[in-house]
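Just so you know, ligand 1 is whichever comes first in the structure, and atom 1 is the first atom listed for that ligand. Along the sequence shown, the residues carry numbers beginning at 1. Hydrogens, waters and symmetry mates are skipped; everything else that's a heavy atom, side chains included, is used.
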Amino acid sequence: MSKRILLVEDESIIRLDISSILKDNGYEVVGEAGDGEKAVELALSIKPDLIIMDIKMPKLNGLKASEIISGKLDIPIVLVTAYSQKEFVERSKQSNVVGYLVKPVSEANMIPAIEVALHQAEKMKDMKQAVDSAHEKVEKRKLVEKAKGLLMNHFNISEEKAYQRIRKVSMKHQLAMEQVAEKIILKYQTL
Ligand SMILES: [Mg+2]
């Protein structure tokens, strides 16, 4: 499936140019904006795979627009500017900026930058999912540990016995261990 790109650039000739390069390379330009405010609005409604954003624009500049969008959505952003100033690069680290293009933008410098940006974004997403799932596992284990402790106290049984009890219920009712643990916690936890 072709990647959906939101293109933000206030100079219409450059925007047209970038847009046709993108289309020639199999990308789908799902939205175009000429200022930062419109960029934020479109990003939130369209939720593209990638945003190509000019820095110097009327109303709201590309850096501020990127910050606002990054605060709400996890969309990779490639910034475009006429000059590469250190301050811009520093500031862009605050948001989801994964790439940087210096004008004049050509097919030769833009397409590799976009490919890298999309690849990085994909990797970040995988990493985030891995972290989330590891976190979830820890949380589930904590629930089971807590339920075990409550059973041990309430019935004056060993840790092993408490564990077996949770496991038995879990198998009998085809519930996950942590679901059983939640029920136990609700039942035996005294406030
Ligand atoms: Mg501009």
Open item on the list: Taking 2.8 Å as the cut-off, does Asp54 contribute an N, O or S atom near the Mg ion (ligand 1), distance below it?
Closed with: yes

Open item on the list: Checking one value in my table: which N/O/S atom of Asp10 lies closest to the Mg ion (ligand 1)?
Closed with: OD1

Open item on the list: Please determine whether the number of non-hydrogen atoms from other residues, nucleotides or ligands lying under 6.0 Å from atom CG of Leu186 exceeds 12.
Closed with: yes

Task: With Glu9, the salt bridge (Lys or Arg N to Asp or Glu O under 4.0 Å) member among Lys56, Lys38, Lys103 - done: Lys103

Task: Heteroatom N/O/S of Lys56 within less than 2.8 Å of the Mg ion (ligand 1) - done: yes

Open item on the list: Would you call the rings of His154 and Tyr188 parallel, tilted or perpendicular, taking 30° and 60° as the class edges?
Closed with: tilted

- [ ] Decide if atom CD of Glu139 counts as having more than 12 heavy atoms of other residues, nucleotides or ligands within a radius under 6.0 Å.
- [x] yes

